[in-house]
Structures are given as C-alpha cells and as structure tokens.
Amino acid sequence: MSERTAKRGKKAHAEDLPATEVAGKAETPAPEPAPEISVEAKKKILFVASEAAPFIATGGLAEVIGSLSKALARSDRYDVRVMVPLYQDIKKEYRKDFKFLGNTYVTLSWRNQYCGVFEYQQDNVTYYFLDNEYYFKRPGCYGYYDDGERFAFFCRGVMEMMNFIGFYPDVMHCHDWQAALAALYLKTIYCFRPEYQFIRACFTIHNIEYQGKYSLDILEDLFGISYHFQNLVEYDRCINLMKGAIECCECFSTVSPTYAQEIKDPYYSHGLDPIIRRNEFKLRGILNGIDPDYYDPATDISLFKNYSADDMAGKAVCKEELQRMLNLPVKPDTPIIAMITRLVTHKGLDLVKEVIEQALRQDMQFVLLGTGDSSYEIYFSDLARRYPGKVVSIISFNSDLSRKIYSGADLFLMPSKSEPCGLSQMISSRYGAVAIVRETGGLRDSITPFGAGGNGFTFRDYNAYDMLYVINEAIGVYHSPEIWKNLVHRAMTTDFSWASSAHYYEEMYLGLLK
Ligand code: GLC
C-alpha cells in the first residue's frame with residue numbers, strides 16, 4: 001500500500017466533497033455544528049418502509065427506520081409515524097399488543113383488496129401495520145414472484161390509510177424501492193385531492209443495487225399507473241421504481257456523504273448514474289447513526305460480562321469466553337479478527353479469500369459469522385477445517401452470537417467493494433473491536449485512519465494486498481498495549497448516535513416545507 005493511502009485522512013476526504021454533502025459524522029469525533037432549527041408547529045413526518053426494527057428486520061434498513069424515527073420523535077417538534085406491512089414474521093411479543101383500528105379497501109388497477117390497519121406506539125413513534133394476508137402472510141419479507149404487486153398494494157394502502165386514519169403528513173419519507181410507489185402514487189394520483197396536495201415526498205436510497213425493475217407491460221394493469229406517466233418510471237425500456245421515485249420526489253438522499261458522490265459514477269450506480277446526476281440538485285448524503293442504547297456494551301445482556309470505555313475489565317472476559325465457546329485456544333494476547341457479514345461479493349470477500357492464508361501465518365484467530373452465497377459458505381467452512389484452532393466459521397445468523405463476537409473480538413474486518421453506509425463497523429467500534437475497512441461509502445465517513453489519529457484502519461483501493469498491509473499494521477499496533485488502549489478508547493467513544501445526523505434530516509424536511 002502506498003504512503004499516500006496510509007496517510008490519507010478524513011479531512012482530505014471531506015475536502016473532496018461539496019460542503020452541502022459533508023453531513024453527518026464526517027468529521028469524527030467532533031461533528032460539524034448542526035444547523036439551527038426553529039419550528040413553530042409540530043411537523044408531521046411519515047416513514048414508509050418495508051421493514052422496521054424491532055418488529056421485523058432483515059438488515060440495516062430496518063435498524064435505520066427504527067432508530068431514526070425514534071431520534072426524530074425525541075424532539076417534540078415532530079409527530080413521527082411509520083407504516084410497514086403486517087408480515088407473518090412480525091415478532092409475537094409485539095403483535096399481541098397491536099391495536100386493530102379497522103379496515104378499508106385498496107384499489108390496485110382492477111383489483112379491490114382488503115387492507116386492515118393495526119397501531120402500536122413505541123418511543124413516541126406511532127407505527128401502523130398494514131394487513132392483507134394474501135400478500136403478507138408468508139415467511140420472510142421478500143423473494144416472491146409477486147413482490148412488485150405486494151409492495152404496490154402496500155404503497156397504495158399507505159395512501160389510502162392517510163385518509164382512513166385522518167393523518168396527512170407534511171413529509172412522506174419513502175425508503176428503498178419497496179416504498180417508491182407511494183411517492184409515485186402521490187404525484188400521479190393523490191396530489192389532485194385537496195387533503196393530499198401539500199404533502200412533500202422524499203426518498204432515501206439505502207442500496208442502489210435493488211431498484212425494483214419490472215416489465216413496462218404491467219404499468220397500468222398491476223401498478224395502476226396510467227401510461228401517461230410512463231416517462232416518469234421508464235428506464236432502459238423497463239419500469240424502474242427507484243428511478244420513478246427519484247424523478248418525482250422533492251428531494252432524495254442516501255445514507256452517507258461519500259455514497260452520495262459514488263452513485264453518480266457507473267462503478268457504483270448499477271446503471272442509474274445518469275438519473276442521479278440529472279437530479280443531483282436535490283440529492284443529499286446523510287450518514288446513518290445507530291441506537292447507542294441498543295448497542296451498549298455496558299448494558300448488553302448478551303455479553304459474558306459488561307464493560308465500557310472507562311472500565312475495560314469485562315472485555316477481556318468476553319474474549320476469553322468467546323474463545324472457549326468457539327473451541328479456540330484461550331490466548332489473551334492473540335488478536336481475534338472478526339467478520340459478521342452477509343456472504344456476498346460486494347462485502348469484499350474475494351479480497352479476503354486472496355490473502356487470508358497469508359495473514360494466518362502470524363499469531364491471530366479469525367472468526368466469521370454469516371450466511372449467503374453457497375460458494376462463500378463452502379469456502380469459509382473449508383478454511384475453518386484446514387485451520388483448526390485458528391479459524392472458526394459459523395454459517396448462520398444469530399444476533400446474540402453476533403454481540404458476543406463484537407465484544408470478544410479485537411479487530412473487525414469490513415473490506416466492502418461498495419457500502420452505502422454499513423452499521424457493523426459502528427457497532428464493532430462501540431464494542432471495542434477496532435474496524436479495518438475499505439474507504440468506500442459510509443465506511444469512509446465513519447472510520448478514520450489510525451495514522452491520522454483516527455478510530456480504525458482503512459485502505460483505499462480495492463486490492464487484497466493493500467488490505468493485507470493494513471491487517472498487518474493493525475496487528476502491529478495491537479501489540480503496542482498503550483497505543484492500542486488509546487485507539488480502542490477512541491473507537492468506543494466515537495459518536496455514532498443519531499445526534500448529529502438527525503439534524504440533517506430535519507434540515508432536509510424543513511427545506512421542503514419552506
Ligand atoms: C443497506 C446498505 C447498508 C446501510 C443500510 C441502512 O442495507 O447496504 O450499507 O447501512 O442499508 O441504511
């Protein structure tokens with residue numbers, strides 16, 4: 001790796017970006033002062049999303065919906081509500097307390113479908129769960145042949161529910177392609193009705209890879225959108241719902257300042273870069289946060305022992321117990337490098353495959369937790385068989401175990417090829433597992449290089465040997481106890497909460513309402 005790569009600090013990145021895009025925690029650990037907000041009346045914000053933690057979660061989207069809505073609702077300036085489908089898998093512990101508000105019927109082209117609504121309040125946020133057993137009484141959230149129809153029903157249901165419950169938001173904030181149609185319905189159908197005419201729409205891209213692409217033939221018949229509006233949604237001779245939402249929202253955002261830059265480039269955009277560039281004037285990049293109460297090593301009941309940045313004794317116990325549990329030799333001075341990830345290519349697993357055996361020549365232990373593509377599952381299972389006592393691969397996902405790994409590990413590897421934001425590097429830092437990341441998307445905006453006084457280790461180019469170089473650098477630093485202690489402290493005390501980023505969302509909403 002070049003000197004330049006090693007020394008490239010956060011400041012240098014920030015200077016690369018236009019001032020308006022450098023939002024969120026780009027300047028860790030001291031965030032830029034948030035803009036002044038002065039609002040007279042409570043503003044009504046409605047989140048529309050296909051998942052929301054803690055009720056139903058398959059990934060980072062759910063966590064953001066749960067934690068951002070809670071952060072906004074903490075201020076009494078906002079009435080924050082969230083609409084999600086009532087999936088079969090919504091956790092029973094919550095479901096039993098849902099209150100049935102009633103039902104209406106939702107028109108979807110020639111279809112007329114039942115839509116029930118349940119309400120639940122938590123942390124000052126009102127959640128609505130839209131019910132239709134034909135569409136949502138199935139295991140999991142996605143992956144069905146009729147996902148387009150399922151989420152069209154959901155989005156149309158959202159629009160109807162506003163009328164049913166008498167809540168017309170000032171801002172409807174739609175997340176990812178599954179919610180894109182709500183923005184399209186607003187702008188093509190509902191905005192002609194008086195109650196809906198002042199609703200502003202914004203759209204957040206959590207991952208540009210999934211755009212909601214369908215054949216143009218079903219625009220009217222399935223989505224119920226007139227061919228007069230075909231130009232709004234058409235892209236590459238297909239319906240592209242993400243493109244449609246970008247075109248018709250008053251503003252759109254993505255989940256880190258760097259990713260907001262990257263998606264203008266074909267390397268990252270999955271074909272949408274011309275649309276992103278054309279609509280750049282209304283694009284923002286706002287770094288995600290995590291809920292610091294939910295991820296707190298001082299109170300986390302999954303941990304073998306609790307600890308905090310100021311009292312680290314428990315972390316050594318967590319490491320020892322993790323080694324014991326995973327049948328690794330109990331060695332307090334051997335660094336554990338962990339990965340908790342979906343096993344898919346864009347997570348940088350080909351880099352890991354290329355150099356992990358070289359890294360393993362030194363005294364270290366490697367722990368991987370995740371599921372995904374079978375080729376990676378087979379590769380990592382085999383690696384563990386070939387390196388007993390050094391490598392453990394757990395091909396599953398389990399939140400309790402993930403927390404035990406975050407707390408027991410010393411280093412956390414996340415070499416993604418692309419990463420809109422990424423939450424794991426923030427969680428690992430909070431648990432004192434210092435992150436090693438590639439400088440892309442939110443990884444670049446949240447982890448700053450050790451050499452520049454930062455909170456982790458980074459490499460710039462998507463190159464296995466650059467990654468190996470920083471892994472070795474990290475292990476070197478690990479063996480200098482005083483320096484390591486300070487680094488772990490910096491990682492654990494970096495502010496990854498929503499405190500600063502939520503203000504940038506507020507600023508975005510208020511900008512729309514002017
Ligand atoms: C998606 C992205 C991830 C991001 C999350 C929440 O899952 O892949 O990088 O952190 O959404 O915005």
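Both ligands and their constituent atoms are indexed starting at 1 by order of listing. One-based numbering along the sequence shown.
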Point to revise | Spacing of OH belonging to Tyr78 relative to OG belonging to Ser69, to within rounding of 0.5 Å | key: 14.0 Å

Please set out all donor-acceptor pairs under 3.5 angstrom arising from side-chain atoms of residues 335-346, sequence neighbours excluded.
from   : atom 1 : to     : atom 2 : distance (Å)
Thr345 : OG1    : Tyr376 : OH     : 3.2

**Study point:** Min side-chain heavy-atom separation Tyr127-Phe118 under 4.5 Å
**Key:** no

Point to revise | Ring geometry between Phe129 and Phe55 (parallel below 30°, tilted from 30 to 60°, perpendicular above 60°) | key: perpendicular

Check your understanding: How are the rings of Tyr307 and Tyr431 set to each other: parallel, tilted or perpendicular (split at 30° and 60°)?
Key -> perpendicular

Review point. So which protein residues pack against ligand 1 under 4.0 Å, heavy atoms counted?
Key: Gly60, Leu61, Val64, His206, Asn207, Val255, Asn288, Glu419, Pro420, Cys421, Gly422, Leu423

Check your understanding: Going by atom types alone, do Thr126 and Gln121 pair a side-chain donor with an acceptor below 3.5 Å?
Key -> yes

